[in-house]
Amino acid sequence: MPQTVTQHTSSMSVQEPPKYKQYATGWGFRLGLLAAFVSILIWASWLVSMRAGMTNTLTAFDLGILRFSPPALLLFPFLWRARAQVKAVSPILLLGIVCGAGLPFFYLSATGLKYAPASHAGLLILGAFPFFVTLLAVLFYQEKVSRERKIGLSLVSIGVLVLLSLSLLTAPENTWKGDLLLLCASFFWAVYTVSLRIAGLPPLVSTALMGLVSLIALAFLWATGLASSGLADASWDMLAGQILVQSLLVGLMTGFSYGYAIQKLGAENMAAIGAFTPVLAALIAIPVLGEHLEGYSIAGLIFVSLGVVIASGIFKKR
């Protein structure tokens, strides 16, 4: 009898999914949903804020300092107390966290937004990243792709191709360059999402790590003369808005809210909710930046948003 129980327990432990695939239920799931919706509101504001900053006197270096200084300095105690836990994580995963949402991602996004409108950024960065998440999962973790995800990702691909093709043919000069940079940023964000999910680090710890490494890299760029600043020429209104969005909302709040949502909901459900970010960003950019939605942008938004929701399988699960 004891042997039978042992064998049964062993069988159950084998069938139990890995920790990074276990999702919350009940209040944990509801709080994860709240954190996810907070994140997409901040993302949409961040995209518009980045576009406003890059089309005025501020440089990518300036926005990077505002973005990474608060988590690097204020959250350092959390990182220090969890240093043993950080050391236990694979260096590849730590690199994915640091680069995926750190300086490489930030510079790609900021430079892309210098050429392309905020509506394109929302669609390409947060709309296309589920495609890259699935690609990484298939290549490195041999995950099977469900029929729903294949259909959804096909729609995502159509939406991205529509935007890129018609942007190249009809949009203002160099918009296509911004679109390609934003698509590269989307890949980095997918690397961050997968690495964060598997590493299992507390949200504040991963945010502090990413902020600290990014701030050190920015200091190196400044010391070597590879970065320039336009802070001296920026208006106080512009700086106040950027500090609110970059430093407080994105730098501190979304680092926790996104990490918490990923832990509680999983990458697929988070991707489905994040599909609404491009729409929010496009709507906010109309009154704030005076942007307008072209027909191909609307088509791209529809294809990508619908595709992400279908690919996530969220309706099938709940």
Side-chain angles (χ1 to χ4, degrees), residues 24 27-54 63 66-68 70-71 75 100-101 105-106 109-110 112-113 116-130 133 182 185-186 189-190 192-193 196 203-204 206-207 210-211 238 240-291 293 297-298 300-302 304-306 308-309 312 314:
W27 273 105
F29 184 80
R30 295 186 186 95
L31 290 174
L33 283 177
L34 177 61
F37 282 114
V38 169
S39 296
I40 67 171
L41 287 173
I42 295 175
W43 284 340
S45 301
W46 171 71
L47 291 171
V48 174
S49 174
M50 287 275 285
R51 172 67 172 170
M54 290 302 295
L63 295 175
L66 294 175
R67 164 70 178 85
F68 296 115
L75 301 182
F105 166 79
F106 190 85
S109 303
L113 279 163
S119 58
H120 289 206
L123 193 154
L124 292 173
I125 295 178
L126 299 170
F129 99 94
V133 167
L182 295 172
S186 178
W189 190 257
Y192 167 70
T193 300
L196 183 65
L204 293 180
S206 59
T207 302
M210 178 261 296
M238 170 64 69
Q242 293 294 340
I243 290 172
L244 172 64
V245 176
Q246 298 287 346
S247 301
L248 300 180
L249 296 181
V250 179
L252 293 175
M253 186 177 293
T254 198
F256 171 78
S257 62
Y258 184 69
Y260 185 86
I262 286 290
Q263 286 185 351
K264 298 299 181 182
L265 306 181
E268 297 87 354
N269 286 339
M270 186 62 225
I273 298 170
F276 296 102
T277 307
V279 179
L280 283 175
L283 293 177
I284 294 173
I286 292 174
V288 175
L289 300 178
E291 292 185 2
L293 286 176
S297 295
I298 296 175
L301 284 171
I302 293 173
V304 169
S305 299
L306 182 61
V308 171
V309 172
S312 71
I314 190 171

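Remark: Met238 CE is packed, more than 12 non-hydrogen atoms of other residues, nucleotides or ligands lying under 6.0 Å away.
Leu63 has its side chain within reach of Phe106: a pair of non-hydrogen atoms, C-beta onward, lies under 4.5 Å apart. At least one side-chain heavy atom of Thr193 sits less than 4.5 Å from a side-chain heavy atom of Trp189. Side chains of Pro203 and Gln263 form a contact here, defined as non-hydrogen atoms less than 4.5 Å apart.
Taking CG from Leu123 and NE2 from His120, the interatomic distance works out to 8.0 Å, rounded to the nearest 0.5 Å. A distance of 8.0 Å separates CD1 in Ile243 from CG in Leu248, rounded to the nearest 0.5 Å. One distance of note links CZ of Arg51 with CG of Leu289; it measures 7.5 Å at 0.5 Å rounding. Here the OG1-CG distance, from Thr207 to Leu196, works out to 8.0 Å after rounding to the nearest 0.5 Å. Annotation: the span from Arg67 atom CZ to Thr254 atom OG1 amounts to 7.5 Å, rounded to 0.5 Å. Distance check, rounded to the nearest 0.5 Å: CG of Leu31 to OH of Tyr260 gives 4.5 Å.
Of all non-hydrogen atoms in Pro71 and Gly211, the two that sit nearest each other are CG-CA, 4.3 Å. The shortest heavy-atom contact between Leu47 and Ala121 is CD2-CB, 3.8 Å. Nearest heavy atoms, Leu75 versus Leu204: CD1-O, 4.0 Å. Nearest heavy atoms, Ala185 versus Ser109: CB-OG, 3.6 Å. Between Ala285 and Ala118 the shortest heavy-atom distance is CB-CB, 4.1 Å. Closest of all the heavy-atom pairs between Phe129 and Ser186 is N-OG, 3.0 Å.
Under the rule for a side-chain contact (heavy atoms from CB on, under 4.5 Å), the partners of Leu41 that lie at least two apart in sequence or sit in another chain are Leu280. For Ala282, the side-chain contact (heavy atoms from CB on, under 4.5 Å) partners are Ser119, Leu293, Leu301, not counting sequence neighbours. The side chain to side chain donor-acceptor pair (under 3.5 Å) test applied to Ser39 returns Ser257, not counting sequence neighbours. For Tyr192, the side chain to side chain donor-acceptor pair (under 3.5 Å) test picks out no residue, with sequence neighbours left out. For Ser49, the side-chain contact (heavy atoms from CB on, under 4.5 Å) criterion is met by Gln242, Val245, Gln246, not counting sequence neighbours. Annotation: side-chain contact (heavy atoms from CB on, under 4.5 Å) contacts of Ile302 (sequence neighbours excluded): Ile298.
Relative orientation of the Phe105 and Trp46 rings is parallel, given thresholds of 30° and 60° on the angle between their planes.
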